A.B. asks: 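Below you will find the structure I want to go over with you.
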Amino acid sequence: KTIAVVGCPFSGGQPRVGVDKGPIHIVEAGLLTQLKELGWNVQFDGHHQFEEISAANDPPIGKLKNPRFVSKVTKAVAQVVGDHAKKGKLPLTIGGDHSLAMGTISGTLDTYPDACVIWIDAHADINTSDTTDTGNIHGMPVSFLLGLGSKVPEFSWVKSSLRPDRIVYIGLRDVDAGEKRILKENNIKAFSMHEVDKYGIGKVVEMALDHVTPNRDRPIHLSFDVDALDPTVAPSTGTPVRGGLTFREGHYICEAIYETGLLVALDLMEVNPSLEDEASVKQTVAVGCSLVRSALGETLL
Ligand code: ARG
Ligand code: MN
Ligand code: MN
Ligand code: MN
């Protein structure tokens, strides 16, 4: 089986420079060789080159910042991810900021309409164009995929066919008031850090899988925002929030999803190598690589 690595040096969904360097650092750290050692064929056609749209030509639409740039890039990513998936390859998208998931999950849904999404994050990323405080689109991809909020014509290409019962969150601890309302109104299942503390990660992952794929038969798209991990574990990220997943909890999630045999697409997002000191960057990049290896079959024994 083949992993198709999609390197996405993109930061337009949020304001901090550097997250576009995430995929370059992760590939340079040797991830592709590591995946080959796990027995995968690895296809990597180089990092995507996204043609910048100058800020002057991309004024906000409502509150949305860089809307045309984000739309153009994520649409291209949807195409690439969808093409790989249709050829039976497993797309591994390395970001870049989490707005990219609008593209990756659109590509997955285009190929596997009955797919479910497991979203690992400190944040729910489910603001709509109406509820967002920041206007940063990396805080909104889920609402577009679910078709919530006022329609934004610029994003009409996004696959908005994801059903609210086909997504589940693990790791949440910084959810905006409007997002809490959206989660409740749409009955969206979320395991915050409170539930991780209460039940333990093993039980939480089992309950999460029971929710989105009770018969263990639906294709799974795993979207992993590295800020789900505690900042002591993954410091180099744009919106760190204390009280996060431990190193093992993060890896356990990946291992357990691999074990289902249902994984069809994987995202690793929000590694920002220009934040914090050199040791922190190295640590965050290494953790990113090892999360990916765990999701793709690395075992401890
Ligand atoms: N909720 C905040 C916002 O909407 C933070 C989102 C952080 N998202 C992320 N992908 N790191 O701006
Ligand atoms: Mn996040
Ligand atoms: Mn917040
Ligand atoms: Mn996120």
Side-chain angles (χ1 to χ4, degrees), residues 8 10-20 22-23 60 62-67 70 73-74 77 93-105 117-146 148-150 152 155 162 167-183 188 190-193 196 221-231 233-245 249-250 253 265-276 284 287-288 291:
C8 290
F10 179 65
S11 65
Q14 54 83 63
R16 309 191 70 163
V17 294
V19 71
D20 48 306
K63 298 187 217 167
L64 305 196
K65 294 175 181 160
N66 311 325
V70 174
V73 165
T74 54
V77 170
T93 306
I94 310 174
D97 75 65
H98 219 166
S99 67
L100 288 161
M102 256 195 277
T104 62
I105 294 175
V117 174
I118 303 184
W119 192 283
I120 314 299
D121 208 319
H123 310 93
D125 294 349
I126 197 169
N127 274 303
T128 66
S129 54
D130 315 300
T131 66
T132 176
D133 291 328
T134 62
N136 300 329
I137 299 177
H138 79 155
M140 310 181 208
V142 178
S143 75
F144 284 93
L145 293 160
L146 293 169
L148 305 175
S150 309
V152 184
F155 288 94
L162 184 65
I167 182 168
V168 64
Y169 291 99
I170 302 174
L172 303 190
R173 57 195 181 278
D174 181 10
V175 181
D176 300 339
E179 294 184 296
K180 289 183 181 173
R181 203 174 54 236
I182 293 169
L183 292 175
I188 294 170
F191 297 95
S192 71
M193 288 311 298
V196 173
H221 182 120
L222 172 60
S223 200
F224 204 119
D225 183 330
V226 82
D227 73 28
L229 301 176
D230 192 80
V233 180
S236 297
T237 190
T239 50
V241 190
R242 65 184 177 175
L245 297 169
E249 287 166 341
I253 294 169
L266 173 60
D267 309 329
L268 178 72
M269 301 295 177
E270 301 280 356
V271 171
N272 187 333
S274 59
L275 298 177
E276 306 304 320
T284 309
V287 167
L291 287 171

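All values derive from a computational prediction rather than experimental measurement. Read the numbers this way: they start at 1 and go in the same order the structure lists the ligands and their atoms.
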A.B. asks: Taking the minimum heavy-atom distance to atom 2 (C) of ligand 1, which of Asp176, Leu100, Val19 ranks first?
C.D. replies: Asp176
A.B. asks: Just wondering, do Ile105 and Pro141 contact through their side chains at under 4.5 Å, heavy atoms?
C.D. replies: no
A.B. asks: Can you sort out which atoms of ligand 1 are near Thr134, meaning under 4.0 Å from one of its heavy atoms?
C.D. replies: 3 (C), 4 (O), 12 (O)
A.B. asks: If we ignore hydrogens and angles and just use 3.5 Å, is the side chain of Thr284 paired with the main-chain N or O of Ser236 as donor and acceptor?
C.D. replies: yes
A.B. asks: Using a 4.0 Å heavy-atom cut-off, say whether Met140 meets ligand 1 through its side chain, its backbone, both or neither.
C.D. replies: neither
A.B. asks: Should you measure from each heavy atom of Glu270, which atoms of ligand 1 turn up under 4.0 Å away?
C.D. replies: 9 (C), 10 (N), 11 (N)
A.B. asks: Ignoring waters, how many N, O or S atoms from the protein are under 2.8 Å from the Mn ion (ligand 4)?
C.D. replies: 4
A.B. asks: Can you name the one residue among Ile118, Asp125, Val117, Ile126 that meets side-chain contact (heavy atoms from CB on, under 4.5 Å) with Tyr169?
C.D. replies: Ile126
A.B. asks: Report the part of Asp97 in contact with ligand 1, treating N, CA, C, O as backbone and CB onward as side chain, heavy atoms under 4.0 Å; options are side chain, backbone, both, neither.
C.D. replies: neither
A.B. asks: Of the choices Val175, Thr132, Thr239, which has the non-hydrogen atom that lies closest to atom 11 (N) of ligand 1?
C.D. replies: Thr239
A.B. asks: Is the contact between Asp225 and ligand 1 made by the side chain, the backbone, both, or neither, using heavy atoms and a 4.0 Å cut-off?
C.D. replies: side chain
A.B. asks: Side chain, backbone, both or neither: which applies to Asp227 and ligand 1 if a contact is any heavy-atom pair less than 4.0 Å apart?
C.D. replies: side chain
A.B. asks: Where's the contact between His123 and ligand 1, heavy-atom distance under 4.0 Å: side chain, backbone, both or neither?
C.D. replies: side chain
